[in-house]
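Convention: sequence-line order gives letters A, B, ...; per-chain numbering from 1. The analysis underlying the following values was restricted to heavy atoms, covering all of them including side chains, and did not include hydrogens, waters or symmetry mates.
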There are 2 protein chains.
Amino acid sequence: MTQLPILLQGFQNQSPTHQAAQGDILEWIAAAHARAELTLQRPDSEEAREALTRKLKKLVLRFGCSTDRISARGAFLDDFTHTDWDRMRIFRLNEFPSGRPCGERSRFYGEVCGRVFESFYTDELEPPPVIMHVTCTGYVSPSGAQRLVAHRGWGRSTEVIHAYHMGCYAAMPAIRLAAGLLERGKARVDVVHTELCTLHMDPAQHQPEQLVVQTLFADGAIRYSVSRAEGPGLELLATREEIAPETTDAMTWMVSDSGMQMTLSRKVPDYIRAALGPFLDDLAAGAGRTAGALFRDAVFAIHPGGPRIIDELAEHLGLRPAQVEASNAILRDHGNMSSATLPHVWQAILADAAVAPGTLVVSLAFGPGLTIAGALLRKAG
Amino acid sequence: MTQLPILLQGFQNQSPTHQAAQGDILEWIAAAHARAELTLQRPDSEEAREALTRKLKKLVLRFGCSTDRISARGAFLDDFTHTDWDRMRIFRLNEFPSGRPCGERSRFYGEVCGRVFESFYTDELEPPPVIMHVTCTGYVSPSGAQRLVAHRGWGRSTEVIHAYHMGCYAAMPAIRLAAGLLERGKARVDVVHTELCTLHMDPAQHQPEQLVVQTLFADGAIRYSVSRAEGPGLELLATREEIAPETTDAMTWMVSDSGMQMTLSRKVPDYIRAALGPFLDDLAAGAGRTAGALFRDAVFAIHPGGPRIIDELAEHLGLRPAQVEASNAILRDHGNMSSATLPHVWQAILADAAVAPGTLVVSLAFGPGLTIAGALLRKAG
C-alpha cells in the first residue's frame with residue numbers, strides 16, 4: 001500500500017484585534033519615541049520639547065519601513081490605539097521610557113494567547129492528537145495550548161509540544177518535528193503560531209536598526225494541521241536547514257530588561273545570498289529536483305524578513321514577480337509576523353486560483369544563527 | 001530485517017562551576033533575603049537591621065529545603081561564592097532587591113551555555129546530524145547549540161532544534177521528538193539540557209513557596225544521544241503525556257521582571273497522585289505491560305520535583321526504597337535541576353551495577369499544565 005503524502009492543510013488565521021495603516025503606525029511610533037526621550041531628558045522649555053519631538057519623528061520616518069512596502073499591520077494591544085500614555089498597559093512611557101518590564105508583557109501575552117487558542121478550537125469537538133505551539137514572543141506556562149486542553153477536558157488525548165524561541169523560521173522545524181510525530185503513530189499534528197512581536201517594542205531605542213525592527217514586525221496568529229492525507233493542501237517533499245558560516249552575530253534575539261530584544265545587521269541579505277546556492281541545490285536534490293528547474297517553475301514562499309530580502313533574492317535567483325507575489329502581498333498586508341508569516345504565505349498560495357495544483361513551492365525563512373531553513377512543497381488539488 | 005530499538009545512550013553530565021553544601025546555600029540565601037529586605041526597608045538602627053536579618057534567616061531555615069534531603073547543589077554563577085553585594089553580577093542587592101532585571105541574566109546564560117556546548121563537543125570531530133537543545137531557564141539566540149555548530153563549521157551537516165519552555169518534564173517531549181526525527185531519516189539526535197535555575201532566584205520574594213523553590217532548584221547540564229542502536233543504554237518502549245484536569249494554576253513558569261518566576265501550589269503532589277493510576281495503566285499498556293507488574297519489578301525514575309513527591313508516589317504505588325534510590329540520590333547530590341534532572345537519574349541507573357540489564361525503568365516527570373509525562377524504558381546490557 002502506498003502511503004499518502006504528508007500534507008499541510010486547514011490553514012486558519014486570526015486577525016489581531018487592532019488593524020492600522022502603516023502611516024498611522026509610523027505616527028504612533030514617532031510619538032512613542034518622542035515621549036520616551038522626553039521622559040529620559042525632561043527638557044524644561046516647550047521649545048526644547050518640540051525640537052526633540054520633531055527630531056524623533058524625522059528619525060522614525062527616515063529609517064522606519066515605509067508605506068510603499070507595508071500598508072497595514074495588526075496588533076493585539078490596545079496601547080497602539082491612542083497616545084494617552086498614562087492609560088497604557090505596557091507603554092506607560094511617562095514613567096517607563098522603555099515600556100514596562102517583562103512581567104506585564106508576559107501576562108498580556110498569556111491572556112491573548114489563551115483567547116486565540118480558544119477561538120481557534122471553538123467549533124472542534126474532537127481532541128486533536130497533538131498541538132504544537134510555536135512562538136518566539138511569549139514564554140508563559142501553562143501556555144494557551146495547555147490551557148485549552150485542560151479547559152476542554154482533552155488532557156488524556158492531546159499532547160502539547162512547545163516549539164519556542166526559534167525565531168522567524170520556526171514553521172520549518174515545526175513541520176519537520178510534526179512529520180516525525182506522524183511516523184511515530186500520531187494521526188495529525190496541529191501547528192499553532194501566536195506571535196505578539198509588537199509587545200516587545202522599546203521606544204527608548206532610537207538606533208536605525210531598531211527603528212527598522214519596530215516598524216516592520218507585527219502580530220500574527222495562524223493554525224494548520226500536518227497529517228498523511230490527500231489534497232487540497234501543501235504536500236511536504238523535502239526539508240533542509242543550515243547555519244551559515246561566520247554569521248553568528250548578524251541577528252540576535254533574547255529576553256532582555258524590557259521585553260525581548262532583537263539585533264539585526266544590515267548585512268543579513270548578503271549573508272543569505274552567499275549561502276543560498278548550495279542550500280537550494282541540496283533542498284531540490286532532496287526531492288529529486290534541480291534548483292534550476294525550481295527557479296523556472298516554482299512559486300517562492302520567502303519569509304519577508306524585511307523589505308529588501310524578497311527583492312534581493314528574487315533578483316539573485318532570476319525569479320519573475322509572479323513567483324514572489326504571495327510573499328510580497330503578506331508583507332504588504334500584515335508586516336513581518338515572525339514565525340506566523342510563512343504560514344500566511346502558504347495560506348495565500350493555497351487560496352490563489354492562479355497557482356495551479358502541482359505547482360512546486362520553495363519555502364525559505366531565516367533567523368538567528370544565521371539559520372536558513374527551507375522546505376519544498378507541492379500544491380495538491 | 002528487524003529494526004534495532006531506539007536507544008538513549010552516551011550520557012555525559014557537566015558539573016556546574018561551583019558546588020556548595022546545602023547548609024551553606026541556605027546561609028547564602030538567608031543573607032540574600034535579608035540584604036534585599038534591608039535595601040527595600042532601609043531601617044535606620046543597627047538593632048532594626050539585626051532583627052530583620054534574624055527574621056529572614058529564620059524564615060529561610062523554616063521553609064527552605066533542609067539538608068537531610070538535599071546535601072549539595074551546583075551553580076554556574078560566581079555570585080553564590082561570596083556576600084559582597086557590590087561585586088555581584090546579578091544579585092547586586094544593595095541596588096536591586098530582586099537582583100538585576102532579565103537582560104543581564106540572559107547574557108550570563110548565553111555565555112555559560114556557549115562554554116557548556118563547546119565542552120560537551122571538544123573531542124568530537126564528526127558533526128552530529130541533529131542537536132536538540134532543551135532548556136526552560138534561558139532564551140538567547142543564537143543559542144549555545146547554534147554557536148557551537150557555527151564555530152565548528154558544522155552548519156551544512158547539523159540541524160539545531162530548540163525544545164524550550166516545557167519545564168521539568170522536557171526530557172520526555174525531547175525524546176518523543178527525537179524518536180520522530182529518527183523515523184524521518186536522521187541517524188542520531190543529540191539531546192543537550194542546560195538549566196541555570198539558580199539564575200532566576202528573587203531574594204525579595206519571601207513567601208514560603210518561593211523559599212521552597214529557591215532552595216530546591218539548582219543548575220545542571222547533561223547530554224545524551226537517541227538513535228537506533230544496541231546497548232548499553234536505555235531502550236525506549238513507550239511514552240505517554242497527559243494534562244491533569246483542573247490543575248491549570250497549580251504550577252506556573254513565565255518570564256517576569258527579574259528573571260523567570262515560578263509559582264507552585266502545595267497541592268501538586270495530591271493532583272499528581274490523583275491522575276497517576278490511569279496514566280500508568282496506559283503507559284504500561286503502550287508496551288504490552290500492566291502497571292501492576294511495573295510496581296513489582298521496575299525501577300522508578302521519578303523527577304524529584306520536591307522533597308515530598310518521591311516519598312508520596314513511592315508510598316502510593318507501594319514501591320520499595322531500592323526502586324526509587326536513583327531518584328532520591330540525584331535530588332540529594334544535585335537538587336532539582338529542572339529538565340536536566342531526569343537524564344541524571346537515567347545516567348545513574350545505567351551506571352548502577354545493581355540494576356540488571358533487562359530491568360524496566362518507569363520515568364515520570366511533571367510540569368505546568370499540570371503536565372504528567374512518562375516513558376517506559378528498559379536497561380539494555
Side-chain angles (χ1 to χ4, degrees), chain A residues 101-107 110 136 138-143 146-147 149-151 153-156 158-167 173 176-177 179-184 241-249 251-258 260-261 278-279 282 367-371, chain B residues 101-107 110 136 138-143 146-147 149-151 153-156 158-167 173 176-177 179-184 241-249 251-258 260-261 278-279 282 367-371:
Chain A
C102 294
E104 190 61 19
R105 302 190 202 224
S106 284
R107 278 184 288 275
C136 64
Y139 306 131
V140 179
S141 282
S143 65
Q146 290 169 325
R147 286 181 182 274
V149 168
H151 173 223
W154 292 345
R156 300 202 68 223
T158 304
E159 289 181 359
V160 171
I161 297 279
H162 294 168
Y164 286 6
H165 202 72
M166 284 184 275
R176 296 202 309 274
L177 294 172
L181 294 176
L182 299 185
E183 307 296 334
R184 298 277 303 162
E241 197 168 295
E242 290 188 11
I243 291 178
E246 293 173 36
T247 56
T248 303
D249 298 317
M251 195 191 294
T252 68
W253 180 241
M254 66 169 213
V255 174
S256 195
D257 291 354
S258 303
M260 295 181 220
Q261 183 155 20
F279 180 93
D282 287 353
L370 291 175
T371 299
Chain B
C102 293
E104 190 62 20
R105 301 190 203 224
S106 284
R107 278 183 287 276
C136 64
Y139 307 130
V140 179
S141 282
S143 65
Q146 290 170 324
R147 286 181 182 275
V149 168
H151 173 224
W154 292 345
R156 301 202 68 225
T158 305
E159 291 180 359
V160 170
I161 297 278
H162 294 168
Y164 286 6
H165 201 73
M166 285 184 273
R176 295 202 309 274
L177 295 172
L181 294 176
L182 299 184
E183 307 296 334
R184 297 278 302 161
E241 197 168 296
E242 290 187 13
I243 292 179
E246 292 173 36
T247 55
T248 303
D249 299 317
M251 196 191 295
T252 68
W253 180 240
M254 68 169 211
V255 174
S256 196
D257 291 354
S258 304
M260 295 182 220
Q261 184 157 18
F279 180 93
D282 287 353
L370 291 175
T371 299

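There is no contact between Ser143(A) and chain B, counting heavy-atom distances below 4.5 Å. With a 4.5 angstrom heavy-atom cutoff, Val255(B) touches chain A via backbone and side-chain atoms both. Of the atoms belonging to Val140(A), heavy atoms from both backbone and side chain fall under 4.5 Å from chain B. Using a 4.5 Å cut-off between heavy atoms, Met251(A) contacts chain B through its backbone alone, with no side-chain atom that close. Contact of Glu246(A) with chain B is not made at all, since no heavy-atom distance falls under 4.5 Å.
Residues passing the ring pair (Phe, Tyr, Trp, His ring centres under 6.0 Å) test with Tyr164(B), sequence neighbours excluded: His165(A), His133(B), Tyr139(B), His162(B).
Glu159(B) has its side chain out of reach of Thr371(A): every pair of non-hydrogen atoms, C-beta onward, lies at least 4.5 Å apart. Between Leu177(A) and Ile161(B), the closest side-chain pair of non-hydrogen atoms falls below 4.5 Å. Cys102(B) is listed as a side-chain neighbour of Cys102(A), based on a closest heavy-atom distance under 4.5 Å.
Looking only at heavy-atom pairs under 4.5 Å with chain B, the residue among Gly367(A), Ala244(A), Ala163(A), Pro278(A) that has the most is Pro278(A). Among the candidates Gln261(A), Glu104(A), Glu183(A), Met166(A), the residue making the largest number of heavy-atom pairs closer than 4.5 Å to chain B is Met166(A).
Closest of all the heavy-atom pairs between Arg176(B) and Val160(A) is NH2-O, 4.4 Å. Contact record, Ala179(A) with Arg184(B): CB-NE, 3.5 Å, taken as the closest heavy-atom pair. Gly369(B) and Ala150(A) get closest at one heavy-atom pair: O-CB, 4.4 Å. The two residues Asp282(A) and Arg156(B) make their nearest non-hydrogen contact at OD2-NH2, 2.5 Å. When all heavy atoms of Pro368(A) and Gln146(B) are compared, the pair lying nearest together is O-NE2, 3.3 Å. Met254(A) and Gly103(B) get closest at one heavy-atom pair: CE-O, 3.8 Å.
Looking only at distances, no side-chain donor or acceptor of Ser141(B) sits under 3.5 Å from a matching main-chain atom of Thr252(A).
Taking a cutoff of 4.0 Å between a charged side-chain nitrogen and a carboxylate oxygen, Arg105(A) and Asp257(B) do not qualify as a salt bridge.
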Could you check His151(B) against Ile243(A) for side-chain contact (heavy atoms from CB on, under 4.5 Å), going step by step and ending with a plain yes or no?
CA-CA 10 Å; His151(B) 173 224; Ile243(A) 291 178; over 6 Å; no

